[in-house]
Each structure stands twice: as structure tokens, then as C-alpha cells.
There are 2 protein chains.
Amino acid sequence: MKMDDYKRFATEGYRVYVPNISIACTLLGFHDNKLKVLLLRWKGLDKWSLPGGFMKQDEDADEGAARILKERTGLDVYLQQYHTYTSLNRFTIDEPSQKKFKDTFGMEVLKGHWYDKRVIGIGYYGLAEYAKVTRIELDMITIDSRWWPVDDIPENMLFNHHEMIGGAMKALQRDVAHEPVCLKLLPSKFTMAELQCLYESILGYSLDRGNFRKKMMNAGILKDMGESTTRKAHKTPHLYSFDVRAYKKALQSGIIFKLQ
Amino acid sequence: MKMDDYKRFATEGYRVYVPNISIACTLLGFHDNKLKVLLLRWKGLDKWSLPGGFMKQDEDADEGAARILKERTGLDVYLQQYHTYTSLNRFTIDEPSQKKFKDTFGMEVLKGHWYDKRVIGIGYYGLAEYAKVTRIELDMITIDSRWWPVDDIPENMLFNHHEMIGGAMKALQRDVAHEPVCLKLLPSKFTMAELQCLYESILGYSLDRGNFRKKMMNAGILKDMGESTTRKAHKTPHLYSFDVRAYKKALQSGIIFKLQ
DNA sequence: ACAAAAGTGTTGTCCTTACACCCATGC
DNA sequence: GCATGGGTGTAAGGACAACACTTTTGT
């Protein structure tokens, strides 16, 4: 990274970006039987944030969110706008952090720049196949990236990004019955246990194993792809794929698991 | 209305409002067994619009939406943010309309003012008890107000407000299983037929009368308030009220009517 | 008596629930 | 053998769809 980049952003960015409208993306992946969210660590600040940025003047928010994640991951991920955050204080940075940032970049954070004002945040959630995300691009402002379990994200989150992840999870719970969420999160072949675990991770409660399998098979949305080749210390499970047409058809009337 | 008001808005408004962030409210009411939306007709333009306006610098979007509908109706209505519209051309006004507006106000619409730029729109839907909305406040820019059936709104809508009403209806369909939608739209006492008709209006398909009644009664969310006093040429129906606690409890696991 | 709307009942089917039981594998 | 996880079966109960039937009112 070059210091010039940040200086140019600070002094020229107002020509490219809409100064008071930002986009934040909660990119989710499913790995190790857990839902995980991609976070970036900010240089100097010792804070984690969602991938995001200002909306450009010549793009709409959908395009902006796609651009932001394309730049970071190289991928076109499934994106859904879920809420716009407008509270007056959501964009403020505490004094110690401002000082740290200044020490790193040799100039003030925010103060006096075009983005030193109230900024609203349009929240998107993104769904990606975890294994396909093979690299995360860092930039002038970020020093590290990591997948965090959604139920164990770090304390030191920037702005209101903690709240935003919570909102994304609530939206995902709302949408899982009617949107092809599992298709976007799982690899093309998966076991029944993985599918069930994904549902449980999203919904936040556990489901009966036998009944889950029956419901899925009766729905006619899965194709049996035969036995897994990876042998563990147990019976080898079958692998399944989505019958995409049937899955999307079933989503129209909803795939619903009631609590309890 | 005084012309001064508009001039002051055009020349001084940037001090009060966030120039590029607007709020649009799809206020819904249930009347005559139909869902209706409150629209305002613009002076000079011969166009209808949703109640809305710019977000103020010292309020968040929720407060802005509440303020806008409070000013118009005098009421605190149930409000839900559902989508933010950011397309580049959504705020443009066609040339003939600009001319009409100029003829009316004696000055250009948009051109050269602080709001002559890209504006995004945060969409809210509002739910009100129709009979409680007894007056609609007009202002410098509006000349008429009317409730329109949501399935028969006028052709000449301002900006992308037609699309926004569609989005509000989709959001309402999404939310009706889990949010106290019917409680907010119906009067305190209502007949079973009215409740069913409301559900059908929201969902967009019809339900079996006998089964609907059974499901509602079994859910234990209604209190039987005895017979209606208004006599028509038929058997007098019972009136019901929501058992609010039970209704909200039931909404946690969802009150779902599947298509077909 | 009749039409129209309100209220109730019936029947079969399907889904869900709560388990129990077997199978396959590596140690 | 045994622990572990994968796959299947079952019986009871509930929910739901599709009706038919009865009741009450004003004309």
C-alpha cells in the first residue's frame, strides 16, 4: 500500500463517491459446520469491520455492493439489501482510535475531509460458497482479513457493524424459507448432516434428524449423488445436490421449519 | 399556502435537510374490504405521489418517517422500513412536468437548487386504522389527497413511487406471518369476514371460509365480542377483537397461509 | 319462500412429532 | 466389541383441503 492512495482518497474522493452514503456487506460462508462472516482489520486502529465503502456517483447501491465484494474476493456473490442504518452517531470513531489512525497515516481521520459528516449505511448480506473464496484483497486501509463465526465475532468492531451483522442474520432467518439461501452457501455436493446443520445455524435452534431428512426427501428438491469418498470413522454418508428447479419451485410456497 | 414557503425551501432547505436522502411512506389503510394507499396530488404537476420528504440533519430515518406521517395525519402510525431505492434516474422529472411546475411556482423545479442532484429514497410502509385518519394536511406543494386501492393506483405517479408501492406490498406479504399487521390495520372490533378479506388482500389469493375461521379460532388469538349491532339483510355476524398477547405470541412461530 | 351471508360439521389426506431401530465404519 | 454417525421405520396426533350442511336475517 502507498500512502498516496489514502491522501488521494481524502482529497479527491468526493469527485467519485457520494459523500454521505456508504455500503456495508455482511459476507457469509459456511465452513466447519458454522456460519462465518468475513471481517477486515483496519490498519493502525486495531478494529474489525465489514467490507464496505462509499457508493459511487455513477452506480446504484446494488452495483456498489457487487463492486465492493468483487474487489475483495474476485467473485460475484449473491447479494441482498436488507436494511439502511441512519442513526446520527453510527459513523463516529472514538478519540483513541482517531489518534492511532493519525499515527499510522500521518493525518487526521475524518476531520476536515469530505467524508467528515454524517454517513448512512446501506446494509447488504452476501452469500458465498466458502471454499470458492480463496483470497481476500487488502488495500491501503486494511491489514488483515479473517472469517469469524457469526456467534463469536470480536468485541472491537468499527462503527455499528456489530449491529449490522445481527440485522443480516435476522434478515437471513426471514428469507431462508423463500430464497435459495442454502444453494448459495453450500458446495455443489453436500451431506444431509451439513444441510441440516446449515439450517440450524441460520435458524438458531435444532431440528430432529430423522424428520429433517424425511421432509427434505419428500420435498423432492435433492438429487442423491451416491456415497461420499471421504472415509471417516463412521458409516459413509451420501452426497446430495440441489435440484435447482425443484428447489426454487418449493421456495415459492416456502420451506418452513417451525420452532419446537 | 404561500409562495414564500417554497422559495424558502428552495433557498434555505439545505440547512435543515440532508440534500440527497429522502423518505417515502406507503401508508396503508383497510376500507370497504380493500387495502388502500394514501396519495397526494402535486400542485401544477398533475401527478400523484407518496407522502414523503427529505430526511432532516438532526433526525434518523425512522424519526423522519414518523414526522412526515405525523405532519400529514396527526397520528403515530406503525412504520416499517423495507427497502432503499438508489437507481440513478429515480428522481428525475420529465420536461413537461418541469414546465408545469415552473408555471405554477414561478421558478424552475430542481434546476440549480441544493436538491438538484441524485436523491436516494428510503422506503417505509405505514399501517393505520383507516377510520382514525380523519384529515390529511396539505402543504405548499400538494393540492389534494386521496386513498387509492393498491390494486388500482393512478398512472401518473411521481418518481418511482409506483415501484415503491409494489415493494411495500411485497414486504407486507413477507411480514404478515410474523408482524402484528392485522392488529394495526383493523379497528378494535371486526368480523371474521373482514379479517379474512384483509388476509386475502395482503396475500393476493383467496382462502377457504370455513377453514380460515377454524384456523383463527384454534389459534386462540381472537376474543368473541358478541353479535354485531349493525343489521344487514343477512345473519348478523359476531364481532371479534385480537387477544393482543396471544396474537403476538402466535406471530413468533408464524401465522402462515400457504397458496392453494 | 328465498337469497345471502354467518356459523358448524365431516371426511380423508398429508405432514409432523417423537422416537426406536438397524447399518456401516474405524478403532 | 463398541462408539459414532448415517439411514430407515412407525404409530399417534394434528393440521389442512374440500366440501356439505344448518342458521339467521331482510325482503
Side-chain angles (χ1 to χ4, degrees), chain A residues 32-34 176-177 186 189-201 203 205-241 246 249-260, chain B residues 32-34 176-177 186 189-201 203 205-241 246 249-260:
Chain A
D32 206 11
N33 277 344
K34 279 201 271 286
V176 68
L186 288 170
K189 295 181 181 183
F190 49 88
T191 67
M192 191 63 74
E194 286 167 347
L195 179 59
Q196 180 180 349
C197 186
L198 173 55
Y199 265 104
E200 290 176 339
S201 301
L203 296 173
Y205 46 84
S206 53
L207 305 167
D208 181 273
R209 193 171 55 85
N211 296 333
F212 179 85
R213 163 177 245 96
K214 232 178 309 171
K215 177 157 175 164
M216 281 293 142
M217 295 314 281
N218 287 343
I221 63 177
L222 297 179
K223 291 181 289 189
D224 192 327
M225 309 301 279
E227 293 198 347
S228 162
T229 52
T230 63
R231 302 270 153 144
K232 290 179 185 169
H234 314 292
K235 184 171 177 176
T236 54
H238 282 206
L239 290 174
Y240 300 89
S241 287
K249 188 88 185 285
L251 288 169
Q252 286 173 19
S253 45
I255 300 175
I256 295 160
F257 294 96
K258 286 203 178 170
L259 175 60
Q260 173 225 40
Chain B
D32 204 13
N33 277 345
K34 279 201 272 285
V176 69
L186 289 171
K189 295 181 182 182
F190 49 87
T191 67
M192 191 62 76
E194 287 167 347
L195 179 58
Q196 180 180 349
C197 187
L198 175 55
Y199 265 105
E200 291 176 337
S201 302
L203 295 173
Y205 46 83
S206 52
L207 305 166
D208 180 272
R209 193 173 55 88
N211 295 333
F212 179 85
R213 164 177 242 97
K214 233 177 308 173
K215 178 158 175 163
M216 280 294 141
M217 295 313 283
N218 287 342
I221 62 178
L222 297 180
K223 291 181 290 191
D224 191 328
M225 308 301 280
E227 294 198 346
S228 163
T229 52
T230 64
R231 301 271 153 143
K232 290 180 185 170
H234 313 292
K235 183 170 177 176
T236 54
H238 282 206
L239 289 174
Y240 300 90
S241 286
K249 188 91 185 284
L251 288 169
Q252 287 173 19
S253 44
I255 300 175
I256 296 161
F257 294 96
K258 287 203 177 172
L259 176 60
Q260 173 224 46

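Rounded to an integer number of Å, the gap from A:Phe257 CZ to C:dC15 P is 13 Å. In this structure, the CG atom of B:Leu207 is 15 Å from the C1' atom of D:dA15, given to the nearest Å. As a whole-Å value, the separation of B:Asp208 CG from C:dT10 P is 16 Å. One can place CG of B:Leu195 at 15 Å from C1' of C:dG7, the figure rounded to the nearest angstrom. Remark: C1' of D:dC16 and NZ of A:Lys258 are 12 Å apart, rounded to the nearest angstrom. Look at CD1 on A:Ile256: it is 11 Å from P on D:dC16, rounded to the nearest Å. Rounded to whole Å, atom P of D:dG6 lies 14 Å from atom CG of A:Asp224. Going from atom CZ of A:Phe190 over to atom C1' of D:dG6 covers 16 Å, rounded to whole Å.
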Show me, pair by pair, the donor-acceptor contacts under 3.5 angstrom made by side chains of residues 192-200 of chain B, not counting sequence neighbours?
{"from": "B:Glu194", "atom 1": "OE1", "to": "B:Thr191", "atom 2": "N", "distance (Å)": "3.0"}
{"from": "B:Gln196", "atom 1": "NE2", "to": "B:Glu200", "atom 2": "OE2", "distance (Å)": "3.1"}
{"from": "B:Gln196", "atom 1": "NE2", "to": "B:Leu207", "atom 2": "O", "distance (Å)": "2.9"}
{"from": "B:Glu200", "atom 1": "OE2", "to": "B:Leu207", "atom 2": "N", "distance (Å)": "2.8"}

Give the C-alpha distance, both sets of side-chain angles, the deciding distance and a yes or no for side-chain contact (heavy atoms from CB on, under 4.5 Å) between B:Ile255 and B:Met216.
-> CA-CA 9 Å; B:Ile255 300 175; B:Met216 280 294 141; 4.2 Å; yes
Audit row: B:Asp224, B:Tyr240, side-chain contact (heavy atoms from CB on, under 4.5 Å) steps and yes/no | CA-CA 5 Å; B:Asp224 191 328; B:Tyr240 300 90; 3.9 Å; yes
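Not a single donor-acceptor pair, N or O on each side, falls under 3.5 Å between the base of D:dG5 and the side chain of A:Arg209. Interface remark: the A:Asn211 side chain does form a donor-acceptor pair with the C:dA18 base, using a distance-only criterion of under 3.5 Å.
Heavy-atom contacts from other residues, nucleotides or ligands closer than 6.0 Å to NZ of A:Lys223 number more than 12. Taking a 6.0 Å sphere around NZ of B:Lys189, one finds it holds 12 or fewer heavy atoms contributed by other residues, nucleotides or ligands.
Note on the helix from C:dA1-D:dT27 to C:dC27-D:dG1: terminal axis deviation equals 10°, with five pairs used at each end and the result rounded to 10°.
Between A:Gly210 and B:Thr191, the residue anchored closer to the 5' end of DNA chain C is B:Thr191, taking for each the nucleotide with the nearest heavy atom.
For the residue pair B:Leu251 and B:Val176, the shortest heavy atom distance occurs at CD2-O, 4.0 Å. In terms of heavy-atom proximity, B:Ala246 sits nearest to B:Gly220 at CB-O, 3.4 Å.
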Between protein and nucleotides 25-27 of chain D, what N or O pairs are separated by less than 3.5 Å?
{"from": "D:dT25", "atom 1": "O2", "to": "B:Ala233", "atom 2": "O", "distance (Å)": "3.3"}

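Taking A:Asp208 as the reference, A:Asn211 meet the side chain to side chain donor-acceptor pair (under 3.5 Å) condition, with sequence neighbours excluded. Residues meeting the side chain to side chain donor-acceptor pair (under 3.5 Å) test with A:His234, sequence neighbours left out: none.
For an aromatic pair to be called close, the ring centres must be under 6.0 Å apart, and A:Phe257 with A:Tyr205 fails this.
In this structure, OG in A:Ser241 is found 4.0 Å from CE in A:Met225, a value given to the nearest 0.5 Å.
Within a heavy-atom distance below 4.0 Å of DNA chain D, the residues of residues 212-221 of chain A found are A:Arg213, A:Lys214.
When distances are taken from the side chain of B:Pro237 to each of D:dG7, C:dG7, C:dC19, the shortest belongs to C:dG7.
Between the B:Lys215 side chain and the B:Ile256 main chain, a donor and an acceptor come within less than 3.5 Å of each other.
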